[in-house]
Each structure stands twice: as C-alpha cells, then as structure tokens.
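Numbers here are sequence positions counted from 1. Because the structure is a prediction, the values reported are computed rather than measured.
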Amino acid sequence: MSIQGLFQHLANGISLGSLYALIAIGYTMVYGILRLVNFAHGDIFMLGAYLTFYGMTYLPLPWWLVFLLASVTTGFLGFLLEKLAYKPLRGQPRITILISAIGASFLIENVAILVFGGRPKAFPVPDIFKGVLVVGGVSISTVTFVIPVVTLVLLFLLTWWINKTKTGMAMRALSKEYEAASLMGIDINSIISITFFVGSFLGAVGGILWGIKYPQLVPLMGIIPGIKCFIAAVIGGIGNIKGAVVGGFILGLGEILLVAFLPALTGYRDAFAFVLLILILLVKPTGLMGEKMAEKV
C-alpha cells in the first residue's frame, strides 16, 4: 500500500470514528446518570436524518437552519421519549426499564416505516459538502474533513458545559448518587430530561452527518450504527464521555484499516466491532477509561 493510500484510509477512518463518537456520547450520557442503555438512541439518530431530509425538501430555509431545527426537534423527541417510556418506570427493577427501551426502539422503527415508507430516500446533500480537498496527493471529501471538526467542537462545548455550568455540575452529582443529589436540592427529573435532550440532539447531528456521508435513508438505518456506537461507548468506558469519543475513534479506524489491509475480510467488517468488544471486556471489563461504579438503587 502506498503512503497516499494509507493516509486516505486514515482520513476515512477518522471521519467514521468521529461519527461513532458523536452518537456514542448520547449512550454514555444516559448510562452515566440512569445506568440505562437507551436502545432507542439509534432510532433517534435515524429520526434526525429523516427530519433533515423533509426539512431540506419542503422548507424554503437555508441548509444550516434546517440542520439546526432538525437537531433541536430530535432533541425534544428524545425528551418526550424519556417522559413516556422511562419516567413512569423509574424506581422499578432495571430490567423493566431495559425492556421498555427495547420496546420503544421497535415502536419507533415500525412507526417510521409506516410514516416515511420503506423505500430508500436520497439525502439532499448541500453543495458546500460536495467538494474535494487534495492534500499531499490524498483526496479528502469536504464532509470527511468537516465531521471530525464538528465532533471535536461539540465535545469541547459539552465538556465545558458539564464542568462549568450549574446544570452540568448537577448532572455529575446525579451520576454519583441520587439521594445525595436530591438532598442538595437538585431536581432529578429535570436533569434527566435535559440529559436526554442533549444526547438526542447530538444523535441527530450524527444522523445528519451520516446522511451527508452515506446519502441513503431507510427507517432501519439506525440499527447497526446504533449497536456499533453502543460498543464504542463500552470500549471507551460507558459513562465516560471522553471514553466514548476514544472508543468511537478506535472502532472507526479499526474498521477502515481492517478492510484496507485485509480486503478478504471486507464481509466481516461489522463483526470486527463485536470481536473487539469481547477482547476489551476480557482484558478490562470497565472499558479503557471506565471505572467501577456502585450500583444505584
């Protein structure tokens, strides 16, 4: 393989890893507070892409405004999901909430098939993302360059918000201990709802960028990316935001480089994520950056 070819694959791997990282943050935020794996997060990702598609198709608005409106709307859908599917079961055995999450995922997927139709739709990619940059003989599409930048900017803003604002500090307190946080006057329900909104907002941004990079939409498009992003969160240490980002980059780069160096294993690309997950759990069950956490009651 030539040096140019290697750098080409590295650019693609970083771009894919950035998408995984962005979506994995939503998983890890919810788990960090509720110890809940929100299996419907991949479907929230799908809704963000579809809302953008219809906004771009039918609304006479600039693309950046449609992207923002679709992301905010998806954030509110995640907020609504928490109110309807999870909040009524708070205090119940954790397996009950997990079953509710799985049921919510199937419900969203089937409603999406009914509303959006089962036929694939072509995502309307804005012209600004169709360019190609040539750096040192390596051709990099504009979106391949944009995705890591957007991910890192959002990660920086999220980290600042969690560490420097009262809401962020309340989220950190809630992730440690419910009862103590409640005694300190923290509104637990509000913080959980905000967490779902922010996680769903980031999932929608990931869905939009995914639609730009892979411009074909189907109602079940969130299943495999959703599972892989959950795996990325576990690899990095679920509950740790920086760990989710690291896990996303490891998974994205690993997939692309596997195909690059071992083309015969292209058909096993998706299996790579599961093999890597098993190996990481055998060596470090808490993930690369995770810590053992006490069970919440």
Side-chain angles (χ1 to χ4, degrees), residues 1 3 5-32 37-39 41-42 45 138 140-141 143-159 162 199 202-203 205-207 209-210 213-214 221-293:
M1 181 184 296
I3 295 296
L6 176 61
F7 279 106
Q8 183 75 64
H9 289 302
L10 286 174
N12 292 333
I14 291 172
S15 177
L16 180 60
S18 300
L19 283 174
Y20 286 160
L22 194 58
I23 303 165
I25 291 173
Y27 276 108
T28 209
M29 287 181 67
V30 171
Y31 184 86
V37 179
N38 180 20
F39 281 110
H41 190 64
F45 151 92
V138 179
I140 305 174
S141 64
V143 67
T144 299
F145 175 77
V146 167
I147 290 172
V149 173
V150 171
T151 298
L152 293 176
V153 168
L154 289 176
L155 174 63
F156 171 80
L157 293 175
L158 180 64
T159 303
I162 289 177
L202 295 175
V205 175
L209 294 174
W210 189 280
K213 188 172 179 64
Y214 307 105
M221 63 180 285
I223 295 177
I224 296 300
I227 293 174
K228 288 184 178 180
C229 293
F230 168 65
I231 290 174
V234 174
I235 289 172
I238 192 162
N240 186 309
I241 291 176
K242 293 180 181 178
V245 175
V246 170
F249 278 107
I250 290 175
L251 189 57
L253 281 167
E255 280 191 19
I256 296 298
L257 294 179
L258 176 72
V259 174
F261 287 103
L262 300 170
L265 297 181
T266 300
Y268 298 95
R269 173 176 168 175
D270 291 338
F272 168 78
F274 299 96
V275 173
L276 182 59
L277 173 65
I278 293 171
L279 293 176
I280 291 293
L281 291 179
L282 288 174
V283 176
K284 198 171 188 299
T286 58
L288 297 178
M289 302 177 67
E291 299 177 356
K292 289 185 178 180
M293 294 178 286

Picking from Leu262, Asn12, Leu10, what satisfies side chain to side chain contact (heavy atoms under 4.5 Å, CB included) with Leu257? Leu10
Evaluate the side-chain proximity of Leu276 to Ile231: yes if any heavy-atom separation is below 4.5 Å, no if none is. no
Show the numbers, then the answer: is there a side chain to side chain contact (heavy atoms under 4.5 Å, CB included) between Leu6 and Phe261? CA-CA 9 Å; Leu6 176 61; Phe261 287 103; 3.9 Å; yes
For the residue pair Gly206 and Ile23, what are the closest heavy atoms and their distance? CA-CG1, 4.2 Å
Close side-chain approach of Trp210 and Leu16, heavy atoms under 4.5 Å: yes
Closest heavy-atom pair and its distance - Ile14, Pro148: CG2-CG, 3.8 Å
Looking at side-chain heavy atoms only, is the closest gap between Leu288 and Ile250 below 4.5 Å? yes
Testing Asn240, Ile238, Val234, Asn38 for side chain to side chain contact (heavy atoms under 4.5 Å, CB included) with Tyr31, which one passes? Ile238
Would you find a donor on one side and an acceptor on the other, under 3.5 Å apart, between the side chain of Thr159 and the backbone of Leu155? yes
Which of these passes side chain to side chain contact (heavy atoms under 4.5 Å, CB included) with Val150: Leu154, Ile147, Leu152, Val153? Leu154
Check Leu202 against Leu22 and note the closest heavy-atom contact, atom names and distance. O-CG, 3.8 Å
Are His9 and Leu253 packed together at the side-chain level, in the sense that at least one heavy-atom pair is separated by less than 4.5 angstrom? no
Taking only distance into account, with no hydrogens and no angle test, what donor-acceptor pairs under 3.5 Å do side-chain atoms of residues 221-230 form with protein atoms, sequence neighbours excluded?
unit_1: Lys228; atom_1: NZ; unit_2: Glu255; atom_2: OE1; d: 3.4
unit_1: Lys228; atom_1: NZ; unit_2: Glu255; atom_2: OE2; d: 3.0
unit_1: Lys228; atom_1: NZ; unit_2: Asp270; atom_2: OD1; d: 2.5

Would you say that more than 12 heavy atoms from the other residues, nucleotides or ligands in this model lie under 6.0 Å from the OH of Tyr214, or not? yes
Heavy-atom closest pair, residues Gly199 and His41: O-CE1, 3.2 Å
Taking Phe272 as the fixed residue, which of Val259, Leu258, Leu277 is the one that meets the side chain to side chain contact (heavy atoms under 4.5 Å, CB included) rule? Leu258
Minimum-distance pair of heavy atoms, taken over all atoms of Ile280 and Gly287: CG2-CA, 4.4 Å
How far apart are the closest heavy atoms of Ala244 and Thr28, and which atoms are they? CB-CG2, 3.9 Å
